[in-house]
Amino acid sequence: MPLAKTYKPEEIEGPHYQRWEEEGAFAAGRTNTGKPYTIVIPPPNVTGSLHMGHALNNTLQDVLIRFERMRGRDALWQPGMDHAGIATQMVVERQLDEQGTDRHKLGRSKFVDRVWQWKEESGGTIFNQLRRLGASADWERERFTMDEGLSRAVTKVFVELYKQNLIYKDQRLVNWDPKLLTAISDLEVENRDAPGHLWHIKYPIENEEGRYITVATTRPETMLGDTAVAVHPDDPRYKDLVGKNVVLPLVGRRIPIVADDYADPEQGSGAVKITPGHDFNDFEVGRRHKLDLINIFDQHAHLNDNVPEAFRGLERMAARKEVLAHIEAQGLLEKVDDITHTVPYGDRSGVVIEPWLTDQWYVDAETLAKPAIEAVERGNITFVPRQWENTYFSWMRNIQPWCISRQLWWGHQIPAWYGPDGHIFVEMDEDAALNAAKLHYGKETPLTRDEDVLDTWFSSALWPFSTLGWPDKTPELDRYYPTDTLVTGFDIIFFWVARMIMMGLHFMGEVPFHTVYVHALVRDEKGAKMSKSKGNVINPLDLVDEYGADALRFTLSAMAAQGRDIKLAKSRVEGYRNFATKLWNASRFCEMNVCLLRPDFEPGAVRQTVNKWIVGETAKAAGAITEAIQAYKFNEAADAAYHFTWHTFCDWYVELIKPVLLGDDEIAAEETRACAAWTLSQILHLLHPFMPYVTEELWDKLRHDSPIPDTQDLIVRGWPDASALPMDKDAALEMDWVIRLVTEIRSVRAEMNVPAGAKMDAKLVGAHPETQRRLATHADLIARLARLESIDLADQSPDRAVQVVIDEATVALPLAGVIDITAERTRLEKEIQKADAEIAKVDKKLANDAFVSKAPPHVIEEQHTRRADHTQTRDKLAAALERLKQAG
RNA sequence: GGGCGCGUAGCUCAGUGGGAGAGCACUACGUUGACAUCGUAGGGGUCGCUGGUUCAAUCCCAGCCGCGCCCACCA
C-alpha cells in the first residue's frame with residue numbers, strides 16, 4: 001500500500017509503539033549484548049500526570065536511550081514510580097474529606113489499604129502518557145518505591161546507617177507544618193518575601209520603675225514564650241543592663257538580659273527578644289545561656305497552656321492581634337515599622353512553617369557528603385553543564401543534618417521499636433527487634449514500633465541500586481550499576497541527585513552515575529513559570545494530539561540548549577510538525593520514483609557526481625549529529641538533522657536528481673534511485689531518536705518495498721557510521737558551483753522581476769576549462785532548476801542582458817525587451833559598490849602593520865583570498881556594466 | 001547578604017576572538033507530476049549601556065542598567 005497523501009501522526013503512532021513493546025525492543029539485554037548503557041528514570045510521583053517538565057525530561061532520556069541502543073549498547077532505561085509520601089497522602093485525604101470522613105476515623109491500617117487501592121486504580125497514569133510520547137523504557141522492569149524489594153532496601157539502609165551512628169534520634173527545633181502535622185526538611189521550606197511589620201515593644205526593667213528596654217520583633221505573639229532579652233556585649237547603650245532582668249509583659253515572668261554576639265546593634269533597637277522554643281537562632285542563644293525553653297504552641301500552632309489563660313487556644317494570627325491589643329493598651333508599643341521580610345512556607349501545604357521542638361530522626365549528612373563531594377571533584381561524576389557543580393558543592397559543603405522522619409501514614413515506617421523504658425531497637429523486622437529486646441532485657445518484652453515514616457526522598461536516594469535488586473546480589477545490579485547518565489531538572493539536585501550520590505557511594509562503594517545532565521525549566525512563551533494558578537499551563541498531550549508526539553519531541557530537543565530555560569512557543573511545534581510532513585512527502589517522492597533500498601548498495605562506489613556529493617553530505621550530517629548527541633547538545637543535533645533533511649536532501653538533492661530519474665541513462669538512473677533510497681534511510685536513522693514514530697513508519701514502507709526486505713525495525717538498527725563514508729571533495733566543489741549558479745540566476749530573475757514565462761537562452765562567458773566541463777555535465781540540470789530554455793558557452797555577453805558573476809565566469813541572461821536597462825545598470829552599480837566596500841574593508845586591515853605582524857598567518861591568508869575573490873567579482877561586474885553601456 | 005544565569009531580527013531562540021544565524025511572522029512572485037503543513041526570492045539587527053584587554057570584541061574582563069533563579073538565621 002502506498003504512503004498516504006498526508007502525514008497523520010495519530011494514525012501511525014499507536015501501532016508502532018505496540019509493536020515495539022510486543023517485540024521486546026525496549027527490553028534490556030535482549031536486543032544487544034554490547035556494553036550496557038543505563039539511565040534510571042527520575043521516578044514520577046504516583047499521583048502525577050504528565051506536564052511539560054516530564055515531557056522534556058523523558059524526551060531527552062529517550063533520545064539518549066534510542067541513540068545508544070542503535071549504537072549497539074545494551075540500553076536499559078529503568079522506569080518506576082515514587083510513592084510520594086505527602087503528595088499521595090494528601091490526595092487520598094482529600095477524597096476522604098469529600099466522603100465526610102478522615103484518616104483518623106479510618107485508622108492507620110485501613111487508611112494505608114485505601115492508599116494502595118487508590119494507587120492500583122488511578123496511580124501511574126503518567127506511564128501511559130509517557131508511552132504516547134514514545135518513551136522506550138523497559139516497562140517489564142517497572143519498580144515502585146514501596147515495592148517489597150525496595151522497601152527492604154530502605155529498611156536495610158536505615159538499619160545499617162543507624163548501626164554506623166549515621167542515623168540518630170534527636171530533640172531539637174524542626175520545621176513543623178501545622179497543617180499537615182508533620183516535620184519537614186529544610187529543603188521543603190519555601191522562603192517567600194512578604195510585607196510585614198516590625199513592632200517595637202517596651203519591656204520594663206525589673207525594680208527600675210519607668211525604665212524599659214525596647215525589643216523589635218516581626219512575631220509579637222511569640223513573646224509569650226520569651227525567656228531572655230539579648231544585647232550585644234559591646235553595645236554601650238545596654239552595657240549596664242546586662243545581668244539585670246526584665247518583667248515580661250502580659251506574662252509577668254522575670255527573664256534575664258544576656259550579652260550575646262547574636263544581637264546586632266544595627267538591627268531594630270539592638271536588643272532582641274529570645275524565644276528558644278520557636279526560633280532557630282534563639283534556640284542557639286538559649287543553649288549558650290542555658291535559658292529555659294518554653295513551648296507555647298500545640299501541633300496546630302495554637303497557643304497552649306504554657307501561656308496566660310486569656311490567650312490559650314488562639315491561632316497564631318489571632319494571638320498576634322490579641323497580644324498587640326494588650327501591649328498597646330498598656331502603653332508598651334513604642335512604634336511600628338513597615339518592612340518586607342521572608343516568611344517560611346511549607347512547599348506542599350502552603351502554610352507558614354513553625355519552628356517546633358520535637359523528637360525526630362536525622363541523617364548525619366555531613367559525614368556522607370564528604371566522599372560525595374570528592375567524587376565530583378575528582379571527575380567521577382560530571383555535571384553537564386558544568387556550572388551546576390558549583391551549586392552542588394556550595395550546598396554539600398554546608399550540608400545540615402537531614403530530618404528524615406515524617407508524621408505521616410503513607411510511606412516506609414521507621415524500623416525502630418521501643419522498650420517499656422524507652423530503649424531503642426533498630427532492626428530489619430519486628431521479630432528481630434523482639435529477639436534483640438529479649439537479649440537486652442533478659443526476657444521477652446513487648447515493644448512498640450515508631451509511628452513515623454521516612455521522607456520520600458530517603459527511598460528515592462537508593463533508586464539507582466534499589467531498582468536493580470539491591471540488597472540482593474542480582475545479575476542486573478552487577479551489570480548495570482553504576483548507571484551512565486542521569487537526566488534531571490536543577491530543582492531536584494539537592495533533594496535527589498546529591499542524596500543518590502551519597503547513598504550510592506556509601507552502600508555500593510561506587511558512584512550511581514557518571515554524568516548528570518541538568519536540563520532547564522520549561523516556561524510559557526512569555527517566560528513565566530507554568531503553574532495551575534496562573535492558568536498558563538500547556539498540557540503536552542494537547543500538543544501531541546494536535547501535532548503528534550514526534551513534533552513535540554523534536555521541538556523540545558531543538559530547544560534544549562544548555563543552560564537556558566525553554567520558553568515554549570506553539571508555533572515552533574507547528575513548524576516541526578511541518579518538518580515531519582516534509583519528510584513524509586520526500587519519502588513519497590522516493591516511493592513514486594521507485595527508489596528502492598538495495599542491500600548491496602555501496603555508498604563508496606557511486607559514479608554520479610550528485611550521488612558522490614550527497615553521500616559526502618550524509619557523512620557530514622551523521623558526524624555532526626553523532627558528535628552533538630554525545631556532547632548532550634540536543635539542539636545542535638536536532639538542527640543538523642533538520643537542515644540536512646530539508647535544505648540539503650529535499651531542496652537540492654531531490655531537485656537535482658529529478659532529471660536523472662526521468663532521463664535516458666538507465667544506469668545513472670538506477671544508481672541514483674538506489675542512492676536516494678539509501679540517503680533517505682540514513683535520514684530516517686539519524687532522525688529516529690528524535691522522531692521515532694514517523695521514521696519507523698517510513699522505514700517500514702521503504703524496507704518492505706525493497707527487493708530483499710530488511711528484517712529489522714528501525715529502533716534496533718545500527719547507527720550510521722560517518723567515518724565509514726567517503727567524502728568526495730571534488731564532487732562537493734562541483735555541486736556547490738551548480739547550487740550557487742542556480743541560486744544566483746534565480747535571485748537576479750526575482751530582483752529584475754523577470755516574468756515567469758520568459759524564455760531565456762543563457763550564456764556563460766569567460767569560463768575556465770574546469771567550469772566549461774561542469775557546464776557541459778550539468779547544463780540541462782541548471783537550465784531546469786533556473787528555469788532557462790538553455791545555457792551554454794559564449795565568447796561574449798549578448799546585448800541588453802542581465803549579467804551575474806560566478807567566480808571567474810559571467811552568466812548573461814539575454815532579456816532585451818523584457819528588462820529595464822536602467823534598472824539593470826543600477827543593480828550592477830550597487831553590486832559593484834558592495835564589492836568595493838568589502839575590498840576597502842580588507843585593504844584597511846591589510847594596511848595595518850599591527851595586523852599583518854601579529855595576526856596568525858591563516859587569518860592573513862584568508863584576507864588575501866577574500867580580497868582576490870571580491871576583486872574578481874568586482875572586475876567582472878565592471879565589465880558587465882561596460883558591456884551594457886556599449887549595447888545601450 | 002552571597003551565588004548563578006539571561007539581555008542578538010517584530011516574536012521564540014541558536015551561535016562565534018577575525019565575513020551576524022534559524023523557526024515563526026512579514027513582502028513579492030509561483031497551480032514546474034513529493035509536498036500550499038509547499039516552492040523561489042526578499043526586507044528586517046549600532047548582538048542592553050559604558051569602559052578595558054587585543055592587531056581584531058557581539059564573543060574575553062570590569063562597571064552599570066534591566067530581568068529571572070538558587071542559597072542564607074538577620075529580630
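Proteins get letters first, then strands, A, B, ... in listed order; numbering begins at 1 in each. For clarity, every value in this text was computed on a predicted model and none was experimentally measured.
For A:Glu838, the listed nucleotide lying nearest its side chain is B:G19; candidates were B:C74, B:G18, B:G19. Among B:G18, B:C38, B:A75, the nucleotide with an atom closest to any side-chain atom of A:Gln863 is B:G18. In the set B:G19, B:A14, B:U37, the nucleotide with an atom closest to the side chain of A:Arg866 is B:G19. Set against B:G33, B:U40, B:A75, the side chain of A:Arg746 has B:U40 as its closest nucleotide. Distance from the side chain of A:Met592 is smallest to B:A34 among B:G15, B:A34, B:C69. Considering only the side chain of A:Asn635, B:G15 comes nearest among B:G15, B:G23, B:A75. Side chain of A:His341, nearest nucleotide from B:C4, B:G18, B:A75: B:A75. Residue A:Phe589 has its side chain nearest to B:A34 when only B:A34, B:G23, B:A75 are considered. Checked against B:A75, B:G18, B:A34, the side chain of A:Tyr262 finds its nearest nucleotide in B:A75. The side chain of A:Tyr642 approaches B:G23 more closely than any other nucleotide in the set B:A41, B:G18, B:G23.
Backbone-only contact: A:Thr218 has heavy atoms under 4.0 Å from sugar-phosphate atoms and none from a base. Within the nucleic acid shown, A:Thr217 comes within 4.0 Å of sugar-phosphate atoms alone, with no base atom in reach, counting heavy atoms only. Across all strands, A:Ser571 comes closer than 4.0 Å only to sugar-phosphate atoms, never to a base (heavy-atom distances). At the heavy-atom level, A:His647 lies under 4.0 Å from the strands shown only through sugar-phosphate atoms. Contact annotation for A:Ser269: no contact, since no heavy-atom pair falls under 4.0 Å across all strands. Contact annotation for A:Tyr576: no contact, since no heavy-atom pair falls under 4.0 Å across all strands. At the heavy-atom level, A:Phe579 lies nowhere under 4.0 Å from the strands shown. Within 4.0 Å of A:Glu655, counting heavy atoms only, lies at least one base atom of the nucleic acid. Looking at heavy-atom distances under 4.0 Å, A:Val215 makes no contact with the nucleic acid at all. Here A:Trp199 lies out of heavy-atom contact (under 4.0 Å) with every strand. Contacts of A:Ala263 with the nucleic acid, taken as non-hydrogen atoms under 4.0 Å apart, include base atoms. Within the nucleic acid shown, A:Asp651 comes within 4.0 Å of sugar-phosphate atoms alone, with no base atom in reach, counting heavy atoms only. Across all strands shown, A:Lys658 has heavy atoms under 4.0 Å from base atoms, whether or not it also approaches the sugar-phosphate. Note on A:Cys650: a base of the nucleic acid sits closer than 4.0 angstrom, heavy atoms only.
Without hydrogens or angle criteria, A:Gln400 side chain to A:Asn398 main chain gives a donor-acceptor distance under 3.5 Å. Judged by distance alone, the side chain of A:Asn593 and the main-chain N or O of A:Phe589 form a donor-acceptor pair under 3.5 Å. Of the possible donor and acceptor atoms, one in the side chain of A:Asp264 sits under 3.5 Å from a partner among the backbone N and O of A:Glu266. Under a 3.5 Å cut-off, the side chain of A:Glu389 and the backbone N or O of A:Phe383 do form a donor-acceptor pair.
At whole-Å resolution of the value, NZ in A:Lys633 and C1' in B:C13 are 16 Å apart. The distance between atom CG of A:Asn593 and atom C1' of B:C35, rounded to the nearest whole Å, is 13 Å. Atom CZ of A:Phe554 is separated from atom P of B:G23 by 12 Å (rounded to the nearest Å). For the pair A:Met752 CE and B:C29 C1', the computed distance is 15 Å after rounding to whole Å.
Separation of the A:Phe644 and A:Phe649 ring centroids does not fall under the 6.0 Å cut-off.
Applying the 4.0 Å criterion to OP1 and OP2 of B:G39, one finds that A:Trp646 has a side-chain N or O inside that range. Close to B:G39, at under 4.0 Å from its OP1 or OP2, lies a side-chain N or O of A:Lys582. Phosphate proximity of B:C29 to A:Asn753: absent, as no side-chain N or O sits under 4.0 Å from OP1 or OP2. Of the side-chain N and O atoms in A:Ser747, one or more sit less than 4.0 angstrom from OP1 or OP2 of B:G42.
The partner of B:C29 is B:G39, by the rule that a Watson-Crick or G-U pair needs both atom distances under 3.5 Å. In this structure B:U46 sits in no base pair that meets the Watson-Crick or G-U test at under 3.5 Å. Both distances falling under 3.5 Å, in either a Watson-Crick or a G-U wobble arrangement, place B:C60 opposite B:G52. Across all strands shown, nothing is found opposite B:A34 as a Watson-Crick or G-U wobble partner with both distances under 3.5 Å. Across the strands present, B:G5 finds its partner in B:C67; the criterion is a Watson-Crick or G-U wobble pair with both atom distances under 3.5 angstrom. Nucleotide B:G21 forms a Watson-Crick or G-U wobble pair with B:C13, both donor-acceptor distances falling under 3.5 Å.
For the atom pair CG (A:Leu596) and SG (A:Cys590), the distance works out to 10.0 Å, reported to the nearest 0.5 Å. Separation of atoms CG (A:Leu293) and CG (A:Asp282) is listed at 10.0 Å; rounding is to 0.5 Å.
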**OP:** Begin with the C-alpha distance, continue with both residues' side-chain angles, and end with the deciding distance and a verdict on side-chain contact (heavy atoms from CB on, under 4.5 Å) for A:Leu687 and A:Thr645.
**Re:** CA-CA 9 Å; A:Leu687 280 171; A:Thr645 303; 3.8 Å; yes

**OP:** Before giving the answer on side-chain contact (heavy atoms from CB on, under 4.5 Å), spell out for A:Val215 and A:His200 the whole-Å C-alpha distance, their side-chain angles and the decisive distance to 0.1 Å.
**Re:** CA-CA 6 Å; A:Val215 297; A:His200 295 250; over 6 Å; no

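Contact check for A:Lys273 versus A:Thr222: side-chain heavy atoms found under the 4.5 Å cut-off.
Listed by residue number, the members of residues 841-854 of chain A with any heavy atom below 4.0 angstrom from RNA chain B are A:Lys845, A:Asn848, A:Ala850, A:Phe851, A:Lys854.
Under the ring-ring contact (aromatic ring centres under 6.0 Å, His included) rule, A:Tyr576 has a single partner from A:Phe690, A:Tyr642, A:Tyr547, which is A:Tyr642.
Taking atom P in both B:U53 and B:G10, one finds a spacing of 33 Å when rounded to whole Å.
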